[in-house]
Amino acid sequence: MTIYWAPFLHAYQPPWQDVEILKQIYKECYMPLLSMLERHENVKLTLNIQGCLLDQFAKLNLKESRNKLRHLIENQKVELVGSGKYHPILPLIPPAEVERQIKLTNSTIMQHFSQDKLSGFFPPEMAVSPQLCKIIKKSNFEWMIMDGIANSDEWPHDYVQQSPSGLVTVFRDTYLSNLISFNNIDAQGFVDQLATMFEQFPDEDHYVITAQDAETFGHHIKYYETSFLGKAFSIIEDRSDIKICFISDLLKKFPKKIGKQIKSSSWSTDGGDLAAKVPYPLWMHPLNPIHKYQYRMLRALYRLMEIVEKCALEKGEDSNFSNYYKTARFFYDESLHSCWLWWASMRPMWSPNLIYKGIDLINKTALNAQLALINLKVGEGDQYYSIVIDNGEKLMNALVDQESKGQHLRTYGDF
């Protein structure tokens, strides 16, 4: 029996991240992590690095990390996957914007690493839905990773599960991943756990997928890239019963089996959330007063931008319209990021200043979209622009009100 361990990491910083904070994370995490991966010969790591983070590296001229990553890819130690460039919660944005975010990521990765074919896909925050599976399959990806809570079928460990759409859905081991994420297991204990997980099936090969934020290793937990990951690689190097592999390798090593429809969920969704029919609780909670205003702004913005996009196709040659449209489009891509919703979740994340950064992007998008339409003398977007601005003001007042109440999110058990 051989156990295949497929480690996965996700690297991301929001597009508005403070430069000094980004440099600190770069120094504490990204560079030490990549250097550690270079040192170990048996490394196989599936990695998502968000396109907006690659852009920030380029903007700050942080070339060494990109060079190291390019070297790791060329030496088949790292495989990259697709995603949404600015880290949106994909099931909660318009399908056309899902497709655009995917294309933006693909072009960014191609620009930095000359990779034109990515077989795997990481949905930001592992936020998934059956409909998203169809879009990802249509976008020519072979597989998508998600949290174990999304699985509706038997637990796949000696086969890979294929969704009704034809997309292979692979699941991280939530329990084991969280033990690692919160420093509740050491490297030796982890390897021992891998070796004994499937003792009742000694005649078959099995696999385990773990997944964490890359920033766990070195930034959230100091020197963890060496004390856990590096040590685990070293221990496994001396064993014959455990092998490290890419997630894509699992599709070649294990048979496919059609599974049940996956559950809409994220890697922060728990059983109580699913029972309450709240699949994305940190980004869209029906009892969260801040989320209410955020989504009123977003839904109006979606409609406003749909009108602008239609005008761009029909009358895009107007220079004044075009200039405002391109500016609106630039801010719109960034404004779909998930962080300003996450910081409003109060579970326990709460930061009015970081929520405001999201408000600012929404307002910039709406303003330029409206100016674009004004130059064409199109009044169809007026009502949606007014909704964005009106609810932005209400949201600002709600932030003050919520702060005075102590940032407590009412839950279903509070009635």
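- Remark: Arg347 engages Asp273 in a salt bridge, criterion side-chain N to carboxylate O under 4.0 Å.
- Residues Cys339 and His337 approach most closely at N-ND1, 3.1 Å, considering heavy atoms.
- No donor-acceptor distance shorter than 3.5 angstrom exists from the side chain of Lys231 to the backbone of Tyr224, with no hydrogens or angles considered.
- The ring-ring contact (aromatic ring centres under 6.0 Å, His included) pairs that include a residue from residues 114-137 are Phe8-Phe122, His10-Phe122, Phe121-Phe141, Phe122-Trp267, where partners are two or more places apart or lie in different chains.
- From Trp16, atom CH2 reaches atom CG of Leu354 across 4.0 Å, with rounding to the nearest 0.5 Å.
- Between Tyr159 and Phe254, the distance separating the two ring centers is not shorter than 6.0 angstrom.
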Distance-only check: which donor-acceptor pairs under 3.5 Å involve side-chain atoms of residues 166-173, not counting sequence neighbours?
from   : atom 1 : to     : atom 2 : distance (Å)
Thr169 : OG1    : Gln161 : O      : 3.4
Arg172 : NE     : Asp147 : OD1    : 2.6
Arg172 : NH1    : Ala211 : O      : 2.8
Arg172 : NH2    : Asp147 : OD1    : 3.2
Asp173 : OD1    : Tyr175 : N      : 3.3
Asp173 : OD1    : Leu176 : N      : 2.8

Please output the side-chain donor-acceptor pairs of residues 59-69 that fall under 3.5 Å, not counting sequence neighbours, one pair per line with the distance.
from  : atom 1 : to     : atom 2 : distance (Å)
Ser65 : OG     : Leu62  : O      : 3.1
Arg66 : NH1    : His112 : ND1    : 3.1
Asn67 : OD1    : Arg70  : NH1    : 3.0
Asn67 : ND2    : Lys63  : O      : 3.4
Lys68 : NZ     : Ser35  : OG     : 3.4
Lys68 : NZ     : Glu38  : OE1    : 2.8

Per-pair distances, 0.1 Å, donor-acceptor, side chain in residues 371-384, under 3.5 Å, sequence neighbours excluded:
from   : atom 1 : to     : atom 2 : distance (Å)
Asn375 : ND2    : Leu371 : O      : 2.9
Asp382 : OD1    : Gln370 : NE2    : 2.8
Tyr384 : OH     : Arg303 : NH2    : 3.1

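- The aromatic ring centroids of Trp5 and Phe233 lie less than 6.0 Å from each other.
- At most 12 non-hydrogen atoms from other residues, nucleotides or ligands lie less than 6.0 angstrom from CD of Gln76.
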Decide yes or no on side chain to side chain donor-acceptor pair (under 3.5 Å) for Ser268 and Glu125, but give the supporting numbers first.
CA-CA 8 Å; Ser268 296; Glu125 304 292 347; 4.7 Å; no
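- Here Asp55 pairs with Lys85 in a salt bridge; the nearest charged N to carboxylate O distance falls below 4.0 Å.
- Phe201 is linked by a ring-ring contact (aromatic ring centres under 6.0 Å, His included) to His157, His206, counting only residues two or more places apart in sequence or in another chain.
- The stretch residues 329-345 participates, sequence neighbours left out, in these salt bridge (charged side-chain N to carboxylate O under 4.0 Å, His left out) pairs: Glu97-Arg329, Arg100-Asp333, Glu309-Arg329, Arg329-Asp333.
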